[in-house]
Amino acid sequence: MIYTENYDVLGNDCDLNDMLRPSKVLRYMQETANRQMSACKPSYNDLFRQGLAFILSRITVEYYGQLHPYDKISVETWPSESKSLSFPRFYRIKRDGKTVMEGASSWALVDINAQKLVRATEVDLSNYTFAEPLELPLRFKIPNELVSVETKPHTVEYSQIDCNRHMNNTNYPDMLCNRIPDMESKEIKSFTISFLSDAPYKETVKVLRYDAPSENGESTYYFKTLKGDKTNIEAKVVTKTI
């Protein structure tokens, strides 16, 4: 059974073109997932009190349209069967019964105190309702021939961190869009992010961008952020001209 919550898109969650910001897309998706966990148990906070935390490894979102202020939307979410160290979860956003966006993600469960990954067989999530996965690509590779452009660095601020004291994953898409040339004349078609290490509060990460050739009004941007010599995230963002 797929879990569903209904929302009205907030005006303040949209950009200058009245389109829902990509970071807000993740927030509607993950808020719905948190509500499912709270309804079914264990909730995120239940796990956290046990010293466990879900950490996002990869996420991809595909756009089939855009959302605008005060749209009435239904957001669906469900996990599929966990395998070893990977906990998959999926999302779908609908307006007027039609799918506007879909998402797929892979999570890891971490023992906070022991600083180790927890296997699916080591935690009881049997109260969750599972469904079939969406076939969306979670992996990509930055082409070797693309030249990197160093953009302005990013310092993790108080407003961007969560209870783990590092930059919350929902803040990354907007950070990347801030570094896409002429973003005010573009809209998102898809984005994929791989999270390789965290970005703690007050630390600064270097942001590199790799630009693929534009074609038919569509542009693909690859990103890598570095904390010292360590990769923080890798990302792929596809846009099209409005």
Side-chain angles (χ1 to χ4, degrees), residues 1-7 22-61 74-93 101-134 136 138-139 156-173 192-203 227 230-233 235:
M1 181 173 161
I2 292 175
Y3 184 88
T4 304
E5 287 281 356
N6 297 312
Y7 307 92
S23 283
K24 303 300 184 183
V25 172
L26 288 192
R27 290 184 190 180
Y28 282 108
M29 290 178 170
Q30 292 184 27
E31 173 64 20
T32 306
N34 287 339
R35 293 187 186 193
Q36 183 189 34
M37 292 173 67
S38 294
C40 297
K41 301 294 182 183
S43 69
Y44 184 91
N45 286 337
D46 291 336
L47 292 170
F48 197 77
R49 283 190 287 269
Q50 297 174 38
L52 304 174
F54 274 113
I55 303 297
L56 184 57
S57 300
R58 302 175 187 273
I59 192 162
T60 188
V61 176
S74 61
V75 183
E76 302 174 346
T77 186
W78 65 97
S80 66
E81 291 293 338
S82 304
K83 297 178 181 179
S84 186
L85 298 172
S86 176
F87 296 79
R89 177 171 283 276
F90 304 91
Y91 315 87
R92 184 180 289 120
I93 300 180
M101 298 166 185
E102 288 183 319
S105 61
S106 176
W107 298 73
L109 188 61
V110 178
D111 183 320
I112 300 169
N113 297 318
Q115 290 292 296
K116 70 173 187 177
L117 298 177
V118 176
R119 294 183 177 275
T121 54
E122 298 177 290
V123 60
D124 183 9
L125 302 179
S126 57
N127 284 342
Y128 294 175
T129 303
F130 298 91
E132 291 300 310
L134 292 173
L136 296 176
L138 275 171
R139 296 182 181 274
V156 180
E157 299 178 336
Y158 170 80
S159 62
Q160 298 172 321
I161 62 172
D162 54 27
C163 59
N164 296 308
R165 295 184 66 84
H166 58 64
M167 186 162 160
N168 185 269
N169 68 78
T170 63
N171 287 310
Y172 281 90
T192 305
I193 306 176
S194 298
F195 297 87
L196 302 173
S197 66
D198 59 17
Y201 180 34
K202 295 185 178 180
E203 292 218 11
K227 186 181 64 177
K230 196 172 185 180
T231 301
N232 166 223
I233 68 163

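Scope of the values below: all heavy atoms of this structure, side chains included, with no hydrogens, waters or symmetry mates.
The closest side-chain heavy-atom distance from Y91 to L134 is not below 4.5 Å. Annotation: side chain of V61 is not in contact with side chain of E102 (no heavy-atom distance under 4.5 Å). Looking at heavy atoms from C-beta onward, S80 lies in side-chain contact with F90 at the 4.5 angstrom threshold. Residues I59 and N169 form no side-chain contact, since every pair of their non-hydrogen atoms from C-beta on lies 4.5 Å or further apart. In this structure the side chain of V156 reaches within 4.5 angstrom of the side chain of I161, judged on heavy atoms. Side-chain contact between L109 and L117 is absent, with no heavy-atom pair separated by less than 4.5 Å. Side-chain atoms of D198 and K227, non-hydrogen and from C-beta on, do get closer than 4.5 Å to each other. Y201 places a side-chain heavy atom less than 4.5 Å from the side chain of Y158.
Residues passing the ring-ring contact (aromatic ring centres under 6.0 Å, His included) test with F54 are F87, sequence neighbours excluded. Applying the side chain to side chain contact (heavy atoms under 4.5 Å, CB included) rule to A39 yields the partners Y3; only residues at least two apart in sequence or on another chain are considered. The side chain to side chain contact (heavy atoms under 4.5 Å, CB included) search around S23 returns P173, D174, not counting sequence neighbours. Take T121 and apply the side chain to side chain donor-acceptor pair (under 3.5 Å) test, not counting sequence neighbours, and it matches no residue. Residues satisfying the ring-ring contact (aromatic ring centres under 6.0 Å, His included) test with Y172, not counting sequence neighbours, are F195. When the side chain to side chain contact (heavy atoms under 4.5 Å, CB included) test is applied to E122, the partners found at least two apart in sequence or on another chain are V118, R119. Residues satisfying the side chain to side chain contact (heavy atoms under 4.5 Å, CB included) test with L196, not counting sequence neighbours, are T231, E234.
Using modelled atom types, one finds a donor on one side chain and an acceptor on the other under 3.5 Å when comparing T192 with T60. With hydrogens and angles left out, the side-chain atoms of D124 and S126 include a donor and acceptor closer than 3.5 Å. Side chains of S106 and S86: a donor on one and an acceptor on the other come within 3.5 Å. Under the 3.5 Å distance criterion, with hydrogens and angles disregarded, no donor-acceptor pair is assigned to the side chains of Q30 and R89.
Counting only residues at least two apart or on different chains, no ring-ring contact (aromatic ring centres under 6.0 Å, His included) pair has a member in residues 30-52. Counting only residues at least two apart or in different chains, salt bridge (charged side-chain N to carboxylate O under 4.0 Å, His left out) contacts with residues 27-36 comprise E5-R35, E31-R35. The salt bridge (charged side-chain N to carboxylate O under 4.0 Å, His left out) analysis of residues 45-61, with sequence neighbours excluded, yields the pairs K41-D46, D46-R49. For residues 160-172, the set of pairs meeting the salt bridge (charged side-chain N to carboxylate O under 4.0 Å, His left out) definition, not counting sequence neighbours, is empty. Residue pairs that meet the salt bridge (charged side-chain N to carboxylate O under 4.0 Å, His left out) test with at least one member in residues 74-86, sequence neighbours left out, are E76-R92, E76-K94.
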Check: Yes or no on side chain to side chain contact (heavy atoms under 4.5 Å, CB included) for I112 and L52, after CA distance, side-chain angles and deciding distance?
Finding: CA-CA 6 Å; I112 300 169; L52 304 174; 5.9 Å; no
Next item on the list: Could you check K116 against V110 for side chain to side chain contact (heavy atoms under 4.5 Å, CB included), going step by step and ending with a plain yes or no?
Entry: CA-CA 6 Å; K116 70 173 187 177; V110 178; over 6 Å; no
Notebook entry, point to check: Under the side chain to side chain contact (heavy atoms under 4.5 Å, CB included) criterion, do W78 and F130 qualify, and how do the steps go?
Noted result: CA-CA 6 Å; W78 65 97; F130 298 91; over 6 Å; no
Margin query: For V75 and Y7: C-alpha separation, side-chain torsions, deciding distance, then whether side chain to side chain contact (heavy atoms under 4.5 Å, CB included) applies.
Written below: CA-CA 8 Å; V75 183; Y7 307 92; 3.6 Å; yes
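Going from atom SG of C40 over to atom CG of N127 covers 7.0 Å, rounded to the nearest 0.5 Å. Taking CE of M37 as the start and OG1 of T32 as the end, the distance is 13.0 Å to the nearest 0.5 Å. Residue L125 holds its CG atom at 6.0 Å from OG of S82, rounded to the nearest 0.5 Å. In this structure, CG in L56 is found 6.0 Å from OG in S105, a value given to the nearest 0.5 Å. Taken to the nearest 0.5 Å, the CD atom of Q50 stands 10.5 Å off from the CG atom of D111.
The two residues Q36 and P79 make their nearest non-hydrogen contact at OE1-CD, 3.8 Å.
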